[in-house]
Amino acid sequence: MFRYSIILAVCFVSAAPLAVAWQQESRQQETKPLAGGQDSDAISRRDFMRTKLLYTQNILGGLVTGDLKEATKAVHEVQQITEAEQWVRIDSDEYRTLTEEFTTAANRLLEATESGNVDAATLRFQVLTTSCIDCHKHIRSVSYDL
């Protein structure tokens, strides 16, 4: 029972930064006027990234409930979304490194969920979450023409 309490605590700690980042980004998008009234590319990117966030929330849900099949399915969805046309690709070494870290984290998380190791999957989910946040912080800190 103590082990599951620790796992649950780690899940909530991992999810908190995602929730805060999502709320901040949502607030910024709601208050920030888009160029020309409505920039369809910006709206499309925002919706695309919200979809990625929903998939990561599904991973967390699978970990919390012990449904590793659901977590595995959600990891596959996250991996597929990184291959989609809408995935932002920026020609910079820092961005490429962050993207590689995210991809590696997703692959390692998939290995853990497929093997049925909830403890390893929980820790690897935290690494995945951290890689998302690091990349979003980088993109916000550098003026890319997206």
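As a basis for the values below, the full set of heavy atoms in this structure was taken, side chains included, without hydrogen atoms, waters or symmetry mates.
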- prompt: With distance as the sole test, does T104 use its side chain to make a donor-acceptor pair with the main-chain N or O of E101 at under 3.5 Å?
  reply: no

Separation of T113 OG1 from R124 CZ (nearest 0.5 Å): 10.0 Å

query: What are the two closest non-hydrogen atoms of H138 and S92, and how far apart are they?
result: NE2-OG, 4.3 Å

message: Tell me the closest heavy-atom pair linking A106 and L128, and the distance in Å.
response: N-CD1, 3.7 Å

message: If I compare all heavy atoms of L68 with all of N117, which pair ends up nearest, and what's the gap?
response: CD1-N, 4.0 Å

- line: Per side chain to side chain contact (heavy atoms under 4.5 Å, CB included), T72 is matched among D67, L110, I59 by L110

field: CZ on R108 to CG on L123, rounded to 0.5 Å
entry: 10.0 Å

field: Side-chain heavy-atom pair I139, Y95 within 4.5 angstrom cut-off
entry: yes

- prompt: Between NZ of K137 and SG of C132, what distance do you get to the nearest 0.5 Å?
  reply: 12.5 Å

query: When rounded to the nearest 0.5 angstrom, what distance separates CG in D134 from CD in E94?
result: 9.0 Å

field: Same apolar cluster: V75 and F48, side chain cutoff 4.5 Å
entry: yes

- request: Heavy atoms only: give me the nearest I81-K52 pair and the separation to one decimal.
  value: CD1-N, 3.8 Å

message: If I take atom OG1 from residue T56 and atom CG from residue L60, how far apart are they, to the nearest 0.5 angstrom?
response: 8.0 Å

task: Could you tell me whether the side chains of Q79 and N107 share a donor-acceptor contact shorter than 3.5 Å?
output: yes

message: Can you tell me how far apart CG (L63) and OG1 (T122) are? Round to the nearest 0.5 Å.
response: 5.0 Å

field: Joint cluster assignment, V127 & V118, ILVMFWY side-chain distance < 4.5 Å
entry: no

